[in-house]
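Counting from 1, the numbers follow the sequence of the chain as shown.
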Amino acid sequence: MSDIDATVRAATQDDLATIRTFPHGDEVDVIFAATQVGEAIIAVVEADKQVIASAVLDLISPLRPEVKRIWVTEKSRRRGLGTAMTMWLEQQARQLGFDATQMAIDPQNEKAIPMAIDLGYSATGDHLFIDQPDPFQVEDPEEASDFFAIYRKSLTMS
């Protein structure tokens with residue numbers, strides 16, 4: 001997976017305090033509640049008994065299922081952890097019978113787009129317009145767009 005000894009797994013109640021410190025941490029309790037009723041899956045990466053990354057598979061999003069909220073601690077970036085979590089979530093989607101996953105990415109997000117393409121996602125040409133730009137999606141919050149580009153990956157060809 002990477003140059004560090006790490007494991008991707010489903011988040012537990014014990015992980016929530018750490019995930020709350022990540023961007024969009026204010027949403028973690030609602031998302032975790034959704035995991036309890038089969039509406040979402042939260043993946044975490046654990047290394048040295050610490051959660052250093054998280055991502056979500058939203059099973060009720062209009063983009064159902066949508067891989068989103070991928071975040072890796074700064075010191076753990078560029079080691080393939082976001083890719084590993086995404087692949088783990090894609091496997092969960094396959095096991096649930098889905099034949100594709102989608103991502104909604106700010107077109108200014110210079111890190112997520114190449115990762116999505118490397119993982120086999122393709123731009124669909126569709127866009128999701130939003131009321132509030134997401135400052136966590138881009139380096140400079142002033143550049144956050146008011147729409148996301150939709151990327152899709154077939155899970156039947158992998």
Side-chain angles (χ1 to χ4, degrees), residues 1-11 15-16 18-28 30-32 35 40-48 50-59 61-94 98 100-155 157-158:
M1 166 175 35
S2 74
D3 61 348
I4 60 175
D5 186 23
T7 303
V8 179
R9 61 172 175 76
D15 301 320
L16 300 184
T18 299
I19 300 170
R20 283 186 199 106
T21 68
F22 296 171
H24 298 291
D26 58 327
E27 300 173 0
V28 73
V30 171
I31 296 170
F32 189 75
T35 70
I41 298 170
I42 302 174
V44 296
V45 174
E46 182 178 10
D48 296 324
Q50 291 199 327
V51 172
I52 58 171
S54 68
V56 173
L57 183 67
D58 186 336
L59 300 170
S61 159
L63 301 176
R64 184 176 183 249
E66 178 185 3
V67 176
K68 62 187 195 179
R69 304 291 187 250
I70 302 167
W71 195 79
V72 178
T73 58
E74 195 164 330
K75 69 179 182 175
S76 302
R77 292 181 185 159
R78 308 293 307 154
R79 295 180 173 182
L81 302 176
T83 295
M85 280 189 301
T86 302
M87 293 173 69
W88 187 87
L89 288 171
E90 291 167 357
Q91 182 60 34
Q92 304 309 303
R94 267 189 211 91
F98 291 102
T101 53
Q102 298 190 75
M103 291 184 183
I105 303 173
D106 187 308
Q108 302 301 319
N109 190 330
E110 298 173 357
K111 294 178 182 172
I113 293 171
M115 184 184 86
I117 291 169
D118 287 349
L119 281 164
Y121 285 79
S122 299
T124 65
D126 294 326
H127 297 89
L128 175 66
F129 290 87
I130 55 175
D131 294 329
Q132 297 273 331
D134 184 351
F136 295 117
Q137 280 236 3
V138 293
E139 290 291 321
D140 179 357
E142 295 294 319
E143 293 186 12
S145 299
D146 61 354
F147 67 93
F148 295 144
I150 307 303
Y151 290 77
R152 182 182 186 279
K153 178 180 180 177
S154 170
L155 299 177
M157 309 271 294
S158 319

- Item | Results of side chain to side chain contact (heavy atoms under 4.5 Å, CB included) for Thr83 - residues two or more places apart only | Met87, Met115, Leu119

- Minimum heavy-atom distance between Ala40 and Leu59, given as atom pair plus value: N-CD1, 3.9 Å

- Could you pull out all residues at least two apart from Arg64 that satisfy salt bridge (Lys or Arg N to Asp or Glu O under 4.0 Å)? none

- Message: According to salt bridge (Lys or Arg N to Asp or Glu O under 4.0 Å), who are the partners of Glu66, at least two apart in sequence or on a separate chain?
- Response: none

- Item | Non-hydrogen atoms of Pro114 and Lys111 that approach each other most closely | CD-O, 3.4 Å

- If a pair satisfies salt bridge (Lys or Arg N to Asp or Glu O under 4.0 Å) and one of its residues is in residues 129-138, list it, with sequence neighbours excluded. Arg69-Asp134

- In chain order, what residues pass the salt bridge (Lys or Arg N to Asp or Glu O under 4.0 Å) check against Glu110, with sequence neighbours excluded? none

- Query: Taking all non-hydrogen atoms of both residues, which atom of Phe98 and which atom of Pro65 are closest, and how far apart?
  - Reply: CD2-CD, 3.4 Å

- For the residue pair Gln137 and Ala104, what are the closest heavy atoms and their distance? NE2-O, 3.5 Å

- Contact check, side chains of Val45 and Val72, non-hydrogen atoms, under 4.5 Å: no

- Set of residues satisfying side-chain hydrogen bond (donor to acceptor under 3.5 Å, both in side chains) with respect to Gln50, sequence neighbours excluded: none

- Nearest-0.5 Å distance that lies between atom CG in Leu81 and atom OG1 in Thr86: 10.5 Å

- Yes or no on side-chain contact (heavy atoms from CB on, under 4.5 Å) for Ile70 and Met103, after CA distance, side-chain angles and deciding distance? CA-CA 10 Å; Ile70 302 167; Met103 291 184 183; 4.0 Å; yes

- Task: Indicate the atoms forming the closest heavy-atom contact of Ala112 with Asn109, along with that distance.
- Result: N-OD1, 2.9 Å

- Task: Tell me, please, which residues at least two apart from Phe32 pass ring pair (Phe, Tyr, Trp, His ring centres under 6.0 Å).
- Result: none

- Message: List the residues meeting ring pair (Phe, Tyr, Trp, His ring centres under 6.0 Å) with Phe136, not counting sequence neighbours, and say none if there are none.
- Response: His24

Sequence neighbours left out, cut at 3.5 Å: what donor-acceptor pairs do the side chains of residues 140-151 make with other protein atoms?
| residue | atom | partner | partner atom | Å |
| --- | --- | --- | --- | --- |
| Asp140 | OD1 | Glu142 | N | 3.0 |
| Ser145 | OG | Asp106 | OD1 | 3.1 |

- Query: Above 12 or not: heavy atoms from other molecules or residues under 6.0 Å from CG of Asp48?
  - Reply: no

- Message: For Gln108, give me all partners under side-chain hydrogen bond (donor to acceptor under 3.5 Å, both in side chains), at least two apart in sequence or on another chain.
- Response: none

- From CG (Leu155) to CZ (Arg152), nearest 0.5 Å: 8.0 Å

- Message: Taking the side chain as everything from C-beta on, heavy atoms only, tell me whether Thr101 gets closer than 4.5 Å to Leu89.
- Response: no

- Tell me, please, which residues at least two apart from Asp15 pass side-chain hydrogen bond (donor to acceptor under 3.5 Å, both in side chains). Arg9, Thr12

- Item | Between CD1 on residue Ile42 and CG on residue Asp58, distance to nearest 0.5 Å | 10.5 Å

- Query: Quick one: ring pair (Phe, Tyr, Trp, His ring centres under 6.0 Å) partners of Trp71, sequence neighbours excluded?
  - Reply: Phe22

- Could you state the interatomic distance from CD1 (Ile52) to OG (Ser76), rounded to the nearest 0.5 Å? 3.5 Å

- Which pair of heavy atoms, one from Val51 and one from Thr18, lies closest together, and at what distance? O-CG2, 3.6 Å

